[in-house]
Novice: 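Would you mind keeping the following structure in view while I ask a few things?
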Amino acid sequence: MRSSPKRLPALLLGTALVAGVLGIGTIASAAGTDNAGPPAATAGAHAGHVMAVSTQASGDDADGDGYIPAVPQVTGVTPSTATPPPAYHHEFQAGCAVTHTAPDDPIVYPGQFGKSHDHTFMGNTSTNAASTTDSLHGGNTTCKAPADASAYWMPSLYKGDQKILPVGPQVIYYKAGVTDYRSVRPFPKGLRFVVGNPMQSAEEFRSHKGFVEGWECGDSFFNTDIPASCPDRPDVQLNLRMQAPSCWNGLYLDTPDHKSHMAYPVVKPGTNDNMCPASHPVALPMIEFKMAWPVNGDMSQVRLASGRGYSFHYDFFNAWEERTLKALVDHCIVGGLQCDTRGFDLYRPERGTVLNADHRLP
């Protein structure tokens with residue numbers, strides 16, 4: 001018997017998705033080629049971003065109510081309030097390159113090809129509107145670790161009508177979001193969520209709990225929107241970092257709004273420590289996107305497929321091979337290390353490495 005809040009009927013799923021994540025609009029035109037640009041931007045907060053109501057449920061959602069239960073569900077967990085041994089870092093990296101772009105979103109618009117604004121996908125090479133846990137798990141990937149078949153995606157970035165793609169592996173951190181880094185456990189297979197909201201205002205973006213430093217280029221930092229200009233030098237790229245929620249309710253791999261099963265840590269009363277709230281007591285790795293786009297100079301025509309710079313958001317769909325993810329989490333996060341993509345801490349070489357030269361478990 002599932003322990004759940006009142007479930008949304010399948011008929012209302014589209015309304016819940018739109019109200020919670022995207023807003024109501026019309027179907028966005030599917031780009032015919034990778035060079036096709038988004039609709040022309042206007043002065044509005046959500047210029048060029050019109051979306052359609054979701055009408056289908058994920059292939060992982062057996063009854064179509066928007067709730068995908070974890071198997072098994074994690075119950076009886078109390079958020080850790082312990083103070084761990086000092087450790088400045090507790091993280092590892094997943095270096096994943098761009099695979100393709102498409103107007104698909106298997107979380108928000110499952111099974112509905114061409115219904116989303118254009119996204120830039122990293123990691124799993126097969127990700128599309130019909131992706132499920134089974135279709136992703138064990139698939140081919142552009143991540144350095146072959147065991148990371150997860151799907152990562154974000155709105156595509158354009159300069160005028162030209163699509164600008166990040167070059168090479170992008171840095172995706174897996175960190176401890178809570179003070180007691182020893183309490184962090186691996187993501188459950190099939191967990192998925194959306195970070196941010198394409199319909200958010202500039203102020204909502206800046207005040208978002210995942211906001212880190214904003215848009216950057218050259219000596220320009222902490223911008224809510226994409227800067228109007230950046231130094232025109234080969235070493236200058238447009239950068240952005242954004243952190244995901246890292247506390248899980250232990251019950252669902254997804255919920256109708258693709259967010260409420262996750263939460264950001266809260267401050268432990270009377271301290272500066274971070275802990276998970278009682279409603280979401282399970283501490284998971286905190287994902288942090290650190291993206292870089294090879295664009296500079298005049299930035300007045302640079303925009304996202306979802307609209308202005310403050311419409312930035314991203315999606316994560318976990319498809320790691322379980323043993324490898326657990327080994328990296330235990331060694332690097334729980335172990336209090338600053339690891340690279342192989343689980344090696346340059347400053348603590350005596351602690352060893354998790355993965356071999358091929359980024360596989362020995």
Novice: Take the angle between the ring planes of Tyr314 and Phe289 and call it parallel below 30°, perpendicular above 60°, tilted in between.
Specialist: parallel
Novice: Distance-only, no hydrogens or angles: does the His119 side chain make a donor-acceptor pair with backbone N or O of Asp104 under 3.5 Å?
Specialist: yes
Novice: Between Asn124 and Ala149, what is the shortest heavy-atom contact and its length?
Specialist: ND2-O, 2.7 Å
Novice: For residues 269-280, please give each side-chain donor-acceptor pair under 3.5 Å, one per line with the distance, not counting sequence neighbours.
Specialist:
from: Thr271; atom 1: OG1; to: Lys268; atom 2: O; distance (Å): 2.9
from: Thr271; atom 1: OG1; to: Asp273; atom 2: N; distance (Å): 3.0
from: His280; atom 1: NE2; to: Ser260; atom 2: O; distance (Å): 2.7

Novice: Check step by step if side-chain contact (heavy atoms from CB on, under 4.5 Å) holds for Arg351 and His331.
Specialist: CA-CA 9 Å; Arg351 296 284 294 273; His331 182 74; 4.3 Å; yes
Novice: Set out, in order, the CA-CA distance, both residues' side-chain angles and the distance that settles side-chain contact (heavy atoms from CB on, under 4.5 Å) for Ser58 and Ile68, then state yes or no.
Specialist: CA-CA 9 Å; Ser58 167; Ile68 302 176; 4.3 Å; yes
Novice: To the nearest 0.5 Å, what is the distance between CD1 (Ile164) and CG (Leu157)?
Specialist: 6.5 Å
Novice: When clusters are formed by joining ILVMFWY residues with side-chain heavy atoms under 4.5 Å apart, either directly or through shared neighbours, do Ile172 and Phe92 land in the same one?
Specialist: yes
Novice: Enter the distance from Asn128:CG to Asp105:CG here, rounded to the nearest 0.5 Å.
Specialist: 11.5 Å
Novice: For the side chain of Lys115 and the backbone of Val108, is there at least one donor-acceptor N/O pair under 3.5 Å apart?
Specialist: no
Novice: Any donor and acceptor pair, going by atom type alone, linking the side chain of Lys175 with main-chain N or O of His89 inside 3.5 Å?
Specialist: no
Novice: Can you tell me how far the OG atom of Ser150 sits from the CG atom of Leu325, to the nearest 0.5 Å?
Specialist: 7.5 Å
Novice: Give the C-alpha distance, both sets of side-chain angles, the deciding distance and a yes or no for side-chain contact (heavy atoms from CB on, under 4.5 Å) between Asn197 and Glu204.
Specialist: CA-CA 9 Å; Asn197 187 337; Glu204 288 170 334; over 6 Å; no
Novice: Do the charged groups of Arg233 and Asp235 touch, with an N to O distance under 4.0 Å?
Specialist: yes
Novice: Any chance you could lay out the side-chain contact (heavy atoms from CB on, under 4.5 Å) test for Met154 and Met242, step after step, and finish with the verdict?
Specialist: CA-CA 11 Å; Met154 59 191 173; Met242 192 170 184; over 6 Å; no
Novice: Between Asp257 and Lys259, is there a donor-acceptor pair closer than 3.5 Å when you use the side chain of the first and the backbone of the second?
Specialist: yes
Novice: For the pair Asp340 and Arg342, find out whether any cationic side-chain nitrogen is under 4.0 Å from an anionic carboxylate oxygen.
Specialist: no
Novice: Any pair with a residue in residues 58-161 that passes disulfide (SG to SG under 2.5 Å), sequence neighbours left out, goes on the list, sorted by first then second residue, please.
Specialist: Cys96-Cys143
Novice: With sequence neighbours left out, what residues match Thr324 under side-chain contact (heavy atoms from CB on, under 4.5 Å)?
Specialist: Ala147, Trp320, Glu321, Leu328, Leu355, Leu361
Novice: Give a yes or no answer on whether the side chain of Gln200 reaches the backbone of Phe312 with a donor-acceptor pair at less than 3.5 Å.
Specialist: yes
Novice: Who are the ring pair (Phe, Tyr, Trp, His ring centres under 6.0 Å) partners of His208, not counting sequence neighbours?
Specialist: Tyr264
Novice: If we ignore angles and hydrogens, is there a donor and acceptor under 3.5 Å between the side chains of Asp134 and Thr132?
Specialist: no
Novice: Supply the atom-to-atom distance Leu251 CG to Thr75 OG1, rounded to the nearest 0.5 angstrom.
Specialist: 8.0 Å
Novice: Are His137 and Glu322 close enough that some pair of their side-chain heavy atoms sits under 4.5 Å apart?
Specialist: yes
Novice: Using the test ring pair (Phe, Tyr, Trp, His ring centres under 6.0 Å), find all partners of Phe316 that sit at least two apart in sequence or belong to another chain.
Specialist: Tyr152, Phe187, Phe193
Novice: Taking ring pair (Phe, Tyr, Trp, His ring centres under 6.0 Å) as the test, write out the residues that go with Phe222, two or more places apart.
Specialist: Phe211
Novice: Decide yes or no for Met262 and Thr255: does some side-chain heavy atom of the first lie under 4.5 Å from some side-chain heavy atom of the second?
Specialist: no
Novice: Treat each ILVMFWY residue as a node, draw an edge where side-chain heavy atoms are under 4.5 Å apart, and state whether Phe205 and Leu304 are in one component.
Specialist: yes
Novice: With no hydrogens and no angle check, is any side-chain donor or acceptor of Thr142 less than 3.5 Å from a backbone partner on Gly123?
Specialist: yes
Novice: Of all residues at least two apart in sequence or in a different chain, which pass the ring pair (Phe, Tyr, Trp, His ring centres under 6.0 Å) check with Phe317?
Specialist: none
Novice: Within the distance-only criterion (no hydrogens, no angle test), does the side chain of Ser135 pair as donor or acceptor with the backbone N or O of Ser131 below 3.5 angstrom?
Specialist: no
Novice: Looking only at heavy atoms, what is the nearest atom pair of Pro186 and Lys326, with distance?
Specialist: CG-CA, 3.7 Å
Novice: Could you check whether any side-chain heavy atom of Pro103 comes within less than 4.5 Å of a side-chain heavy atom of Asp118, counting everything from C-beta outward?
Specialist: yes
Novice: Looking only at heavy atoms, which two atoms of Gln170 and Lys290 are closest? And how far apart?
Specialist: OE1-O, 4.0 Å
Novice: Find out whether Leu284 and Arg185 are in side-chain contact, i.e. whether some heavy atom of one side chain is under 4.5 Å from a heavy atom of the other.
Specialist: yes
Novice: Is there a donor-acceptor contact under 3.5 Å linking the side chains of Ser306 and His117?
Specialist: no
Novice: So, does Asn223 use its side chain to make a donor-acceptor pair with the main chain of Ile226 at under 3.5 Å?
Specialist: no
Novice: May I ask whether Val266 and Val184 are part of the same hydrophobic cluster, defined by side-chain heavy atoms of I, L, V, M, F, W, Y residues being less than 4.5 angstrom apart, directly or through others?
Specialist: no
Novice: Compare every heavy atom of Gly95 with every heavy atom of Pro169, then report the nearest pair and how far apart it is.
Specialist: CB-C, 3.9 Å
Novice: Quick one: do the Asp60 and Thr133 side chains pair a donor with an acceptor below 3.5 Å?
Specialist: yes
Novice: Nearest 0.5 Å, please: how far is OH in Tyr252 from CD in Gln73?
Specialist: 6.0 Å
Novice: Quick check: does any side chain N or O of Asp225 sit under 3.5 Å from a backbone N or O of Gly309, one acting as donor and the other as acceptor?
Specialist: yes
Novice: Supply the atom-to-atom distance Arg192 CZ to Leu253 CG, rounded to the nearest 0.5 angstrom.
Specialist: 6.0 Å
Novice: For Ala202, enumerate each residue passing the side-chain contact (heavy atoms from CB on, under 4.5 Å) test, keeping only those at least two apart in sequence or located in another chain.
Specialist: Thr224, Tyr310
Novice: In terms of hydrophobic clustering (I, L, V, M, F, W, Y; side-chain heavy atoms under 4.5 Å; direct or indirect links), are Val178 and Val77 co-clustered?
Specialist: yes
Novice: Of all the heavy-atom pairs spanning Ala305 and Tyr158, show the shortest one and how long it is.
Specialist: CB-CE1, 3.9 Å
Novice: Could you pull out all residues at least two apart from Asp345 that satisfy salt bridge (charged side-chain N to carboxylate O under 4.0 Å, His left out)?
Specialist: none
Novice: Restricting to side-chain contact (heavy atoms from CB on, under 4.5 Å), what partner residues turn up for Ala87, sequence neighbours left out?
Specialist: His90, Tyr181
Novice: List the residues meeting side-chain contact (heavy atoms from CB on, under 4.5 Å) with Gln243, not counting sequence neighbours, and say none if there are none.
Specialist: Val212, Met286, Glu288
Novice: Please answer: with hydrophobic residues joined when any side-chain heavy atoms are less than 4.5 Å apart, are Phe344 and Ile333 in the same cluster?
Specialist: no
Novice: Who are the side chain to side chain donor-acceptor pair (under 3.5 Å) partners of Glu350, not counting sequence neighbours?
Specialist: Arg348
Novice: Identify the two heavy atoms, one from Ser156 and one from Thr120, that lie closest to each other, and give their separation to 0.1 Å.
Specialist: OG-OG1, 2.9 Å
Novice: Given 3.5 Å as the limit, does a donor-acceptor pair link the side chain of Ser220 with the main chain of Cys217, or not?
Specialist: no
